[in-house]
Amino acid sequence: MPPTPLLRHPRRLAATLLTGSFLVGGLLTAPTAAAAPSAAATTAVRVNQVGYLPDGPKRATVVTTATQSLTWQLRDASGTAFASGATVPRGADAPSGQSVQVADFSSYRGSGSGYVLTVDGSGSVPFDIRANLYDALRSDAMAFFYHQRSGIPIDASLVGSAYARPAGHLGVAPNKGDTSVPCQATVCDYSRDVRGGWYDAGDHGKYVVNGGISTWLMVNSFERAKRAGKDTALGDSTLRIPERDNGVPDVLDEARWELDFLMRMQVPEGKPYAGMAFHKIHDAAWTGMPTRPEQDAQPRELHRPSTAATLNLAAAAAQCARVFRPYDAAFADRCLSAARRAWTAARANPTLYAPDSDSTGGGAYGDTQVGDEFYWAAAELYATTGESGYRDAVTGSSWHTSPTAFSAYGFGWADTAALGRLTLATVPSGLPAADRDRVRASVTTAADGYLSRMAAQGYAVPVPADGYFWGSNGEVAGDAIVLAVAGELTGNERYRTGALETMDYLLGRNAIGQSYISGYGETSSRNQHHRFWAHQLDATLPNPPAGSLAGGPNSALQDPVAQEKLAGCAPAACYIDDIGSYSTNEVAINWNAPLAWLAAYAAERTSTGEPPTGACTVTYKTDSFWNTGFTATVTAKNTGPTAVDGWQLSWIYPAGQRVTNAWNATVAHNGTTAVARNADWNRTIEPGATVSFGIQGTHSGTNPSPTAFTLNGNACA
Ligand code: 9MR
């Protein structure tokens, strides 16, 4: 019997300060005056600073000491309030350390720009409500990877002159690589051409485990969109990359840039450990801040192969073989052969662990538990080939049934079992139906766990209070992927709602009112830790390009700036937009990849396809009208496929009318929103049936009919 997987969170374990690592060079001597101030919130009404989708959830969090419900008002750019309601007090919110209330204006379905949500005299930053809200982020979050490319000039015609730069690490002085990189002493006696790929983050290291998971997410984004029939948005000529217009979907072109590098990291035939992947390649010593890639003069070194890196390569390459086949069969074959070799080599060397101590000049990415990597690689190889050997490796793995495959702390570079489950749940395979259904149920169970955590928190974050570790924003975006896949598997709209609400968190509905995505929102991160986008240290260099995600709050405070500036912070507030705070404010491929996935998903115009159980049409007929009052008959029809049992119909009065009396229903007001509820004798509306009730109300001169109705949370046509 395989051992039971341990519940573990290795990404959280590096709780020590990385002294002597990122701190060499200019960073410590940078003038402190250049440091950004702590990201102070400008208002106590926290919203998604970019905005909301007309058909999506629209919630805001209000920081307040008030214990009673407050009135919220949605105003347009001219200051006119046209929707209002009551906030729901939530009391103390542990992760943020704040007392909060929640305002829900989801029933508003209009669109426009310049909206402001006001509560108790405070206004939010202005935001939009529009269907194309995420179109720009979809391409910007993906374009991040082109910016991070090694071994190719970054072309001004694609990114603008501020972000253009010569190719890095092609062996042109002062660079010393990556066209012929020797191993560290004792690792091997030859050199390898490991050019290309993406720089990992703010440093110039290239790490196979992180490259593998990031590539997988990019390709998975395409694979999911294709299943949904929405892949044209990720197709050819959709991104600003050199390969556009080559007949291959651009997101796959971008992923291939890394896949080619990952395969170069495989130990060649005839050498010791043939088929294994070198764990990483990076500078012999940490370079200073800033350092442009083409100016890096440090020697580059290959570090010893590892089982984890080899299995990441196997997983990403097996997925490549499946997804690239319709576009480039020869490349798909090359990927499959690399994946098979890697798998075989990992089986022969199952305990070649990368140590946590190997962090001079680059990150360690240490991992001593690789059962989950074996499971993930087997799942990808099985989904691609259908071969029984890989199937047996899947079903024989304790990770196949372990409840910890989806942990409360999400998936990540060291925790990959969830990725195998997502593939087995969504890609047709020969798994027996009952087993496949169990795998699918594990996805929805995990998603339900994230939803309950979101519901219990004032900021609707899927991570637990102790889950704010290095790269927590990547964790949030990864959880959203699980939610989105649960929506795909079940057709249940609540999962899409949850996935979209995590975007609200990343874009400003959070403890510090910070949009963690550069270029998006009023107060967005602009000083992420990066050796080229280092404007904070050198005014001639650019800030991070739009669509770059900061690592996010990290309660372990693992850098000197965080330790100095954030001491005593509540977990969700342990963030500072300062280039020196690499443990809260770096960018990284494994955080931007789930963001790109999520942005592409959010940009799609349709919901998960759930039959709208509350689908409805409403007529509102004014029966009589006099100088201060009116009567009307409201008729709601259930046009959905299932009965509505216990109904609640709400609408917004455009001219401040108030219902004072009702028959066949009870009507209450939440500001300008009227909420009608069933009487005892008409609580069920069968499919196709209608319910009617009468109202009497007051007006102040004009009495326009309301137009937007919501039945049990669903907008009526
Ligand atoms: O994302 C990594 C995080 O999980 C680790 O705790 C941390 C310390 O080992 O390293 C992070 O990864 C960094 C890597 O080591 C070097 N490149 C930058 C990465 C993002 O900060």
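Order of listing sets the numbers, starting from 1, for every ligand and every atom in it.
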Check: So, Asp203 versus His282: side-chain donor-acceptor pair below 3.5 Å or not?
Finding: no
Notebook entry, point to check: Is any N or O atom of Tyr207, backbone or side chain, closer than 3.5 Å to an N or O atom of ligand 1?
Noted result: no
Notebook entry, point to check: What atoms of ligand 1 come closer than 4.0 angstrom to any heavy atom of Trp591?
Noted result: 1 (O), 20 (C), 21 (O)
Notebook entry, point to check: Under a heavy-atom criterion of less than 4.0 Å, does Phe469 contact ligand 1?
Noted result: no
Item checked: For atom 18 (C) of ligand 1, the option (of Glu475, Glu586, His282, His204) bearing the nearest heavy atom -> Glu586
Item checked: Sidechain N-carboxylate O distance under 4.0 Å for Lys206, Asp200 -> no
Note to self: Please confirm whether the ring centroid of Phe145 lies under 6.0 Å from the ring centroid of Trp257.
What the structure shows: no
Note to self: If I apply the N/O under 3.5 Å rule, does Asp200 come out as touching ligand 1?
What the structure shows: yes
Notebook entry, point to check: For ligand 1, which atoms sit closer than 4.0 Å to a heavy atom of Asp203?
Noted result: 16 (C), 17 (N), 18 (C)
Next item on the list: Determine, for Arg264 against Asp260, whether the closest basic-nitrogen to carboxylate-oxygen distance falls under 4.0 angstrom.
Entry: no
Notebook entry, point to check: For the side chain of Asn210 and the backbone of Ser214, is there at least one donor-acceptor N/O pair under 3.5 Å apart?
Noted result: no
Check: Quick one: does Asn554's side chain have a donor or acceptor within less than 3.5 Å of a partner on Ser583's backbone?
Finding: yes
Next item on the list: Specify side chain, backbone, both or neither for Tyr199, according to which of its non-hydrogen atoms lie closer than 4.0 Å to ligand 1.
Entry: neither
